[in-house]
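Below: the structure, in structure tokens.
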Protein chains: 2
Amino acid sequence: MIGEQGVDGISMRSLAERVGVSRTAAYHHFKDKNALLCAISEQGFQTWQAHFAQLMREQSGDMNRWLKAFVRSYMDLSWKHPEEYDLMFGRPVWKNGEPTESLKAASFACFQDYVDLIRSWQEKGKLSKDIDCLRFAQVSWSMLHGMSRLLNDGIYLDRNSIDAMSDSAVEMILAAATV
Amino acid sequence: MIGEQGVDGISMRSLAERVGVSRTAAYHHFKDKNALLCAISEQGFQTWQAHFAQLMREQSGDMNRWLKAFVRSYMDLSWKHPEEYDLMFGRPVWKNGEPTESLKAASFACFQDYVDLIRSWQEKGKLSKDIDCLRFAQVSWSMLHGMSRLLNDGIYLDRNSIDAMSDSAVEMILAAATV
DNA sequence: AATGCTATTTTGACACTGTCAAGATAATTT
DNA sequence: AAATTATCTTGACAGTGTCAAAATAGCATT
């Protein structure tokens with residue numbers, strides 16, 4: 001339903017009807033609508049983590065190649081599953097209704113993997129010693145997040161420039177990595 | 001009201017009551033709620049454009065200094081006016097209810113100024129000739145947007161690291177600029 | 001097997017929301 | 001002064017999330 005109608009187009013009642021159950025049945029399994037959305041969002045993060053874990057296994061040797069693959073993969077996923085991405089990183093879950101502890105943990109684990117990978121590169125000397133890995137991770141991830149959001153929400157960017165933008169993004173990250 | 005309760009906490013009825021007018025009075029000035037939000041969002045973009053126009057007048061000579069000031073200013077504004085920022089770049093306006101043509105124009109003008117400035121630097125030889133200015137603008141702006149969003153929505157980033165992150169962001173942009 | 005307990009579901013209800021249609025009022029033009 | 005237009009108001013409708021209480025189902029223990 002999220003894929004079809006988006007996060008906002010989903011209501012407890014329509015969802016219940018789809019399942020073939022009463023309006024308030026879900027309230028015995030989830031505290032409120034937000035808790036349910038958090039749970040789905042959490043699943044999304046776990047999927048992403050698994051996805052990028054495999055990407056890491058495949059080609060984590062070459063930093064340049066991995067980063068390129070990562071960026072492409074990130075943009076590809078967020079573009080092909082815009083509603084899911086919107087749920088995972090969207091405001092309804094994170095700001096309006098306070099995010100579940102469990103969601104916070106899942107999403108942070110996802111990000112932590114990224115930081116750890118960067119840190120391992122630094123230890124191997126592929127990344128300049130002067131760089132603060134956490135900041136580097138935050139800024140580069142922000143870049144991908146910003147691109148995904150502007151793209152999905154239809155601000156400034158358009159789909160035709162995804163590839164070119166991804167390349168520019170990789171260039172910018174690598175330029176900063178090898179200072 | 002947006003600053004107090006956020007975009008989502010605002011309703012046509014509560015707004016009308018605040019103004020001291022009937023529930024549906026606004027519907028003779030705006031097509032629907034989205035059109036009203038678009039209008040406010042548009043004002044926000046005009047304010048931003050004016051703000052950054054002044055920043056440009058003050059110190060557009062030195063690219064490095066300007067970029068640093070721009071990033072600081074961007075992060076400062078988005079952090080101190082999170083609800084306004086959320087309205088301007090938020091999903092409700094851009095995705096759910098189609099954005100007004102006039103809003104699209106105002107926001108794009110804002111971005112265009114940024115692209116033009118970058119292009120002027122390239123012409124002055126301060127930016128590498130190999131760089132595609134549009135891509136450069138898109139990616140760097142995305143970075144700021146992503147940081148603002150992750151910060152305001154409370155994902156990954158926390159307020160204490162704004163300055164450090166801003167510095168890292170500037171470094172990354174400059175590293176790519178002088179390749 | 002029967003009883004008691006708990007988990008689950010349902011119905012009813014409440015206070016909201018955005019927005020349309022029709023009528024009432026005010027302002028402006030002829 | 002009359003007519004036209006702009007603005008506002010009230011009533012209404014379908015929809016929302018969610019709480020309280022009643023009803024059902026499933027399971028464990030005596």
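Basis for what follows: all heavy atoms, side chains included, without hydrogens, waters or symmetry-related copies. Residue numbers begin at 1 in each chain, while the letters A, B, ... track the order of the sequences.
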Pull out every residue in residues 19-27 of chain A that has a heavy atom closer than 4.0 Å to any atom of DNA chain C, ordered by number, or say none.
A:V21, A:S22, A:R23, A:T24, A:A25
Name each donor-acceptor pair under 3.5 Å that joins a side chain in residues 164-177 of chain B to protein atoms two or more places apart or in another chain, with its distance.
from: B:S166; atom 1: OG; to: B:I162; atom 2: O; distance (Å): 2.8
from: B:D167; atom 1: OD1; to: B:R72; atom 2: NH2; distance (Å): 3.0
from: B:S168; atom 1: OG; to: B:A164; atom 2: O; distance (Å): 3.4

Could you list the donor-acceptor pairs under 3.5 angstrom formed by side chains in residues 109-119 of chain B, with sequence neighbours left out?
from: B:Q112; atom 1: NE2; to: B:D116; atom 2: OD1; distance (Å): 3.4
from: B:D113; atom 1: OD2; to: B:Q49; atom 2: NE2; distance (Å): 3.0
from: B:Y114; atom 1: OH; to: B:S140; atom 2: OG; distance (Å): 2.7

Just how far, in rounded Å, is P of C:dT19 from CG of B:N96?
12 Å
For a quick check under 3.5 Å, do B:R135 and B:Q138 share a side-chain donor-acceptor pair by atom type?
yes
Measuring to OP1 and OP2 of C:dT9, would you say a side-chain N or O of A:H29 lies under 4.0 angstrom away?
yes
Atom pair distance, as rounded to whole Å: CG in B:D8 and C1' in C:dC16:
15 Å
Quick note, ring pair (Phe, Tyr, Trp, His ring centres under 6.0 Å) partners involving residues 9-35 of chain B, not counting sequence neighbours, are none
Atom NZ of B:K33 and atom P of C:dC20 are separated, to the nearest Å, by 14 Å
Please list, chain by chain and in numerical order, all residues satisfying ring-ring contact (aromatic ring centres under 6.0 Å, His included) with A:F136, sequence neighbours excluded.
none
Those residues at least two apart in sequence (or on a different chain) that pass side-chain hydrogen bond (donor to acceptor under 3.5 Å, both in side chains) with A:S11 are A:S14
Residues 21-34 of chain B vs salt bridge (Lys or Arg N to Asp or Glu O under 4.0 Å), sequence neighbours excluded, gives none
Residue pairs meeting salt bridge (Lys or Arg N to Asp or Glu O under 4.0 Å), one or both in residues 148-159 of chain A, sequence neighbours left out, come to A:D86-A:R149, A:R149-A:D153, A:D153-B:R91
Could you go through residues 101-108 of chain A and list every donor-acceptor pair under 3.5 Å that involves a side-chain atom there, pairing it with any protein atom two or more places apart or in another chain?
from: A:E101; atom 1: OE2; to: A:K104; atom 2: NZ; distance (Å): 3.3
from: A:S102; atom 1: OG; to: A:E42; atom 2: OE1; distance (Å): 2.3
from: A:S102; atom 1: OG; to: A:E42; atom 2: OE2; distance (Å): 2.6
from: A:S107; atom 1: OG; to: A:L103; atom 2: O; distance (Å): 3.4
from: A:S107; atom 1: OG; to: A:K104; atom 2: O; distance (Å): 3.0

Partners of A:K129 by salt bridge (charged side-chain N to carboxylate O under 4.0 Å, His left out), sequence neighbours excluded?
none
Report all interatomic pairs (protein N or O, nucleotide N or O of nucleotides 23-26 of chain C) with separations under 3.5 Å.
none

Indicate whether any N or O donor in one side chain lies under 3.5 Å from an N or O acceptor in the other, for A:Y74 and A:H51.
no
At a heavy-atom distance below 4.0 Å, which nucleotide of DNA chain D is the first touched by chain B, and which is the last?
D:dT7 to D:dA12
Can you measure A:M12 atom CE to C:dT17 atom C1' for me and round it to whole angstrom units?
17 Å
